[in-house]
Protein chains: 2
Amino acid sequence: MIFTYMCRTCGCSFRARDFGNVERFIEPCILLLLLRGSSYGYGLMEGLEKHCGEKVDIGNLYRTLRRMEADGWVKSEWGKNKVGPDRRIYTITKNGREFLEVAALSLIRTDKLIHRFLEGFQKSKSA
Amino acid sequence: MIFTYMCRTCGCSFRARDFGNVERFIEPCILLLLLRGSSYGYGLMEGLEKHCGEKVDIGNLYRTLRRMEADGWVKSEWGKNKVGPDRRIYTITKNGREFLEVAALSLIRTDKLIHRFLEGFQKSKSA
DNA sequence: CCTTACTATATGATATTTACATATATGTGC
DNA sequence: GCACATATATGTAAATATCATATAGTAAGG
């Protein structure tokens with residue numbers, strides 16, 4: 001079945017998009033990847049899609065990395081690239097590692113909420 | 001430890017807020033509650049806080065209910081209230097029940113992503 | 001009657017996050 | 001020179017969340 005929504009501004013109808021996205025889930029995913037070794041925006045994409053199941057918007061990824069640097073979770077420096085354009089190499093910071101711990105705790109809490117919902121949902125089916 | 005963020009507009013520092021919220025999680029939670037019986041905005045609050053672990057913003061709740069009605073997941077009508085202001089009573093629709101099924105599937109997918117992340121995170125700790 | 005409080009719905013304004021499009025530049029293969 | 005993959009970045013708009021405020025019915029206390 002196809003679900004349609006009403007456009008909030010013009011009233012037109014459009015198909016339902018993905019539901020259940022976790023806000024800024026990409027940030028802890030990035031930090032987890034950087035824990036294994038420093039990397040750069042474009043190079044992180046494959047890892048994000050594989051290990052975090054993200055359909056990554058590359059523009060959003062770059063902006064997120066710059067924001068994370070402003071927040072102090074990562075730091076960056078330009079690295080020379082022989083076979084293509086230079087890369088901005090990101091490295092996780094001590095603050096970033098600590099934030100990763102906190103984010104993991106929050107995600108455990110989120111996981112519990114989802115489980116509680118799914119349990120209630122299953123019960124409603126069996127009743 | 002207290003995490004601080006930079007304000008995106010003025011550059012000031014502020015404490016990190018909750019992380020890991022699921023987008024529009026309140027919608028399937030509302031539908032699950034309405035499955036048990038019709039209810040109204042103010043009355044749904046307690047159930048939402050108890051069963052869905054939501055810290056409910058009442059303004060957001062009312063706006064969400066109106067949006068869900070526009071989307072066709074619920075329908076409403078005014079009900080007389082002897083002991084206070086009248087209530088707008090919401091009832092789940094057939095479309096709403098079907099959307100609840102789809103939302104549950106999406107939440108299962110979200111749950112898997114979180115698990116994959118947490119597994120990777122645990123591995124990084126034991127290594 | 002007046003004030004306070006709880007119930008009940010609703011909206012204004014703003015902040016935050018995400019999505020889609022586009023700009024710019026380097027190096028490779030043809 | 002041209003198309004293509006790599007690489008970073010920003011402009012704009014849409015969607016969502018947050019915080020504050022407006023309005024009104026009823027009940028209790030003074």
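Proteins get letters first, then strands, A, B, ... in listed order; numbering begins at 1 in each.
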Ignoring hydrogens, what is the shortest heavy-atom contact between [X] and [Y]? Give both atom names and the distance.
| X | Y | result |
| --- | --- | --- |
| Ile114(A) | Val22(B) | CD1-CG2, 4.2 Å |
| Ala104(A) | Phe121(B) | CB-CE2, 3.5 Å |
| Gly20(A) | Thr110(B) | O-OG1, 2.7 Å |

- Task: Give one of base, sugar-phosphate or nothing for Arg63(A), where a contact means two heavy atoms less than 4.0 Å apart.
- Result: base

For a quick check of understanding: with a heavy-atom distance under 4.0 Å over all strands, which category does Gly59(B) fall into, base, sugar-phosphate or nothing?
base

Counting just side-chain N and O atoms, does [X] come under 4.0 Å of either OP1 or OP2 of [N]?
| X | N | result |
| --- | --- | --- |
| Tyr40(B) | dA8(C) | yes |
| Tyr42(B) | dT7(C) | yes |
| Arg88(A) | dT8(D) | no |
| Tyr62(A) | dA9(D) | no |

For [X] and [N], what is the distance between atoms [atom1] and [atom2] respectively, to the nearest whole Å?
| X | N | atom1 | atom2 | answer |
| --- | --- | --- | --- | --- |
| Asp57(A) | dG11(D) | CG | C1' | 13 Å |
| Glu69(B) | dT9(C) | CD | P | 13 Å |
| Arg24(B) | dT18(D) | CZ | P | 14 Å |
| Glu23(A) | dT18(C) | CD | C1' | 10 Å |
| Ile89(A) | dT6(D) | CD1 | C1' | 13 Å |
| Phe19(A) | dT16(D) | CZ | C1' | 12 Å |
| Arg66(B) | dT11(C) | CZ | P | 7 Å |
| Leu61(A) | dT18(C) | CG | P | 12 Å |

Pairs: protein N or O with nucleotides 25-29 of chain D N or O, under 3.5 Å:
none

Problem set entry | Glu119(A)/Arg116(A) salt bridge by N-O under 4.0 Å criterion | no

**Report entry** Glu98(B) and Lys94(B) ion-paired at < 4.0 Å
**Finding:** yes

Side-chain contact check for Trp78(A): nearest option of dT18(D), dT8(D), dA19(C) is dT8(D)

Comparing nearest nucleotides in DNA chain D, the 5'-proximal residue of the pair Arg87(A), Asn60(A) is Arg87(A)

dist Tyr40(A):OH -> Tyr62(A):OH (nearest 0.5 Å) comes out at 8.5 Å

Going by the angle between their ring planes, with limits at 30° and 60°, are Phe25(B) and Phe117(A) parallel, tilted or perpendicular? perpendicular

